[in-house]
Amino acid sequence: MIGIISFILALGIIILVHELGHFLVAKHYGILCHEFSIGMGPTVWSKKKGETTYSIRAIPFGGFVAMAGEEAEKEMVKVDQVVGVSFSRQGLVDRIYLKPEDQKPEVIGTIKSVDLYKQLTISLETEDGILREFNVEHEAYYILEKGTQQIAPYDRCLESKSKWARFATMVAGATMNFVLALVLFFIVGLSVGMPTYSNTLGQIIQDSPAQVAGLEEGDTIVSYNNQVVSNWEDLTAAIQSTTESTTLTYIRNGQTHTVEITPQVNDREGTLVSSIGVGPEYERSLLTGFKYSIFKTKEAFVSIFETFRMLFVTKEAGINDLSGPVGIYKMTSTIATYGLTSLLIWVGFLSVNIGIMNLLPFPALDGGRILFVLIEAIIGRPVDRRIEGYIHMTGLLLFFGLFIYVTFNDIIRLISA
């Protein structure tokens with residue numbers, strides 16, 4: 001049970017932060033957001049507040065912010081369609097009823113002309129044959145069978161905004177993923193601290209050679225196997241210099257002591273490795289929390305790009321080695337048993353991973369949409385929106401195909417294990 005809860009919470013937080021990035025920047029630039037959704041598929045819960053519907057959907061993989069103009073807008077009304085309208089105190093159309101026979105509009109008629117994009121006008125031929133033209137409010141709503149949706153005038157659409165505004169809106173999701181990783185790693189850094197890598201011991205493993213020799217946490221090692229030790233790197237090198245019993249000199253409470261110690265020797269792929277069972281001292285502070293955050297975020301970036309190198313350059317890994325949601329669930333369930341600290345590190349790593357993946361210049365991903373903004377900047381005009389839409393739809397189908405394939409491999413591995 002803890003695995004399922006951890007998995008849903010981990011993905012939920014990552015998706016929420018990602019979509020929140022898109023949403024906040026879109027709102028900053030005045031882009032109309034019809035819906036803010038966590039999850040995909042059928043709606044489990046929804047609440048409309050202002051011009052946006054906030055929803056949770058059944059499938060906890062992904063989410064979206066439905067921005068006006070992100071795709072070619074579906075025509076809600078068209079010529080020869082029968083609709084109803086009602087008016088504001090200023091005499092402007094503020095409600096357009098798509099099912100007027102079931103609702104109570106002030107006027108019902110057949111649309112003869114309509115422009116809700118720039119001119120904001122609608123002409124209706126009423127039942128008595130009179131043609132009436134109305135101006136439409138900028139914030140008018142469609143009245144649907146269930147719920148409402150605000151009209152999307154040109155100045156509220158994504159394509160009306162500057163290239164910088166569109167770029168910022170698209171990149172904001174991944175940016176928030178990176179911020180989330182930094183915050184989670186900072187929390188871990190504050191809790192766990194960072195090793196000082198000095199020659200002072202911070203941990204003694206139970207029943208290890210160090211404990212048998214009488215060493216304690218806080219002891220400062222100054223010599224091992226007749227080699228001077230001034231930091232952790234020196235100590236590590238000195239321990240590896242011999243597999244035999246040797247002498248170790250340390251300082252405790254200002255007094256110097258020398259003891260004999262016999263390292264534990266392990267055979268690792270044909271190489272003899274010595275260890276005495278000690279760990280470095282850790283420092284906990286705001287500064288070390290910040291350093292740890294930067295270090296772990298950089299480590300996550302390097303790890304992910306190393307995976308790309310193995311996939312596309314050296315071919316050491318292939319598509320069959322990728323993990324999908326089932327593999328992520330299995331890893332999250334396992335890591336959750338190690339404790340909260342390990343889970344936070346894992347969620348931070350996943351957040352960086354999802355951020356980078358979304359920035360790949362692949363259709364349907366944020367990176368694909370950013371690519372079209374860059375193309376527009378280069379050629380001096382936007383790519384036809386319908387062509388761009390078809391390209392994104394193709395990318396989405398390919399992405400879902402990969403998603404299904406990777407998930408199938410995850411399940412096969414799970415069954416085999």
Side-chain angles (χ1 to χ4, degrees), residues 7 10-26 38 40 60-65 166-189 292-329 331-332 335 342-375 391-392 395-396 398-403 405-407 409-410:
F7 175 67
L11 273 189
I13 291 170
I14 292 170
I15 293 167
L16 173 64
V17 165
H18 181 94
E19 300 304 336
L20 190 62
H22 290 310
F23 180 72
L24 292 177
V25 177
I38 302 300
M40 308 291 282
F61 308 128
F64 62 87
V65 176
R166 282 176 282 150
F167 172 84
T169 302
M170 291 300 106
V171 82
T175 302
M176 285 294 283
N177 281 132
F178 303 146
V179 171
L180 173 62
L182 285 166
V183 170
L184 292 177
F185 291 144
F186 178 75
I187 293 170
V188 173
Y292 183 87
S293 177
I294 298 297
F295 170 76
K296 293 298 289 186
T297 303
K298 178 183 175 182
E299 187 178 64
F301 269 88
V302 170
S303 175
I304 293 162
F305 282 109
E306 176 63 18
T307 300
F308 287 155
R309 187 186 70 83
M310 293 171 67
L311 279 170
F312 304 115
V313 179
T314 65
K315 309 295 183 182
E316 296 174 59
I319 192 172
N320 291 332
D321 298 306
L322 298 177
S323 285
V326 176
I328 294 172
Y329 162 72
M331 281 292 295
T332 305
I335 291 170
S342 297
L343 185 60
L344 290 178
I345 293 173
W346 171 242
V347 174
F349 174 80
L350 280 181
S351 191
V352 172
N353 194 315
I354 289 174
I356 292 174
M357 293 298 293
N358 268 279
L359 289 179
L360 294 178
F362 189 82
L365 299 178
D366 295 336
R369 298 183 187 281
I370 291 170
L371 180 62
F372 277 97
V373 175
L374 296 177
I375 291 172
I391 292 173
H392 288 313
L396 189 62
L398 291 172
F399 181 78
F400 275 124
L402 177 63
F403 179 87
Y405 179 81
V406 170
T407 302
N409 280 345
D410 281 345

Point to revise | Residue Phe400 excluded, over 12 heavy atoms near CZ under 6.0 Å | key: no
| said: Could you check whether any side-chain heavy atom of Pro363 comes within less than 4.5 Å of a side-chain heavy atom of Phe399, counting everything from C-beta outward? | reply: no
Closest non-hydrogen contact found for Ala26 with Thr169 is CB-CG2, 4.0 Å
Rounded to the nearest 0.5 Å, the OG1 atom of Thr407 sits from the CD1 atom of Ile328 at a distance of 9.0 Å
Rounded to the nearest 0.5 angstrom, the CD1-CG distance for Ile14 and Asn353 is 9.0 Å
Can you confirm whether Thr332 sits close enough to Val347 that some side-chain heavy atom of one is under 4.5 Å from a side-chain heavy atom of the other?
no
So CD1 of Ile13 and CG of Asn177: to nearest 0.5 Å the spacing works out to 12.0 Å
Here the gap from Arg369 atom CZ to Phe372 atom CZ, rounded to the nearest 0.5 Å, amounts to 9.0 Å
Shortest non-hydrogen pair, Ser293 vs Phe186, comes out as CB-N, 3.7 Å
| message | With heavy-atom distances below 4.5 Å as the criterion, would you say the side chains of Leu396 and His392 are in contact? | response | no
What one should report as the nearest heavy-atom pair of Ala181 and Ser351 is N-OG, 4.3 Å
Heavy-atom nearest pair, Phe185 first then Tyr292, reads O-CD2, 3.1 Å
task = Measure the shortest side-chain to side-chain distance between Phe167 and Val171 over non-hydrogen atoms and say whether it is less than 4.5 angstrom.
result = yes
Correct closest heavy-atom pair for Met40 and Phe64 would be SD-CD2, 3.9 Å
Would you say Leu322 and Leu311 make side-chain contact, with heavy atoms under 4.5 Å?
yes
Rounding to 0.5 Å, atoms NZ (Lys296) and CG (Leu182) come to a distance of 13.0 Å
Open item on the list: Before you tell me yes or no, could you show the steps for Ile375 and Leu371 under side-chain contact (heavy atoms from CB on, under 4.5 Å), namely the whole-Å CA-CA distance, both residues' side-chain angles and the distance that decides it to 0.1 Å?
Closed with: CA-CA 6 Å; Ile375 291 172; Leu371 180 62; 4.1 Å; yes
- Task: Give the C-alpha distance, both sets of side-chain angles, the deciding distance and a yes or no for side-chain contact (heavy atoms from CB on, under 4.5 Å) between Arg309 and Glu316.
- Result: CA-CA 9 Å; Arg309 187 186 70 83; Glu316 296 174 59; 3.7 Å; yes
One should read off an interatomic distance between Leu365 CG and Asn358 CG, to the nearest 0.5 angstrom, of 5.5 Å
Looking only at heavy atoms, the pair that brings Leu11 and Pro60 closest together is CD1-O, 3.6 Å
**Prompt:** For the residue pair Phe7 and Tyr329, does the interplanar ring angle fall in the parallel (under 30°), tilted (30 to 60°) or perpendicular (over 60°) class?
**Reply:** perpendicular
Taking side chain as C-beta onward, heavy atoms only, is His22 less than 4.5 Å from His18? yes
Check: Looking at side-chain heavy atoms only, is the closest gap between Leu360 and Phe308 below 4.5 Å?
Finding: yes
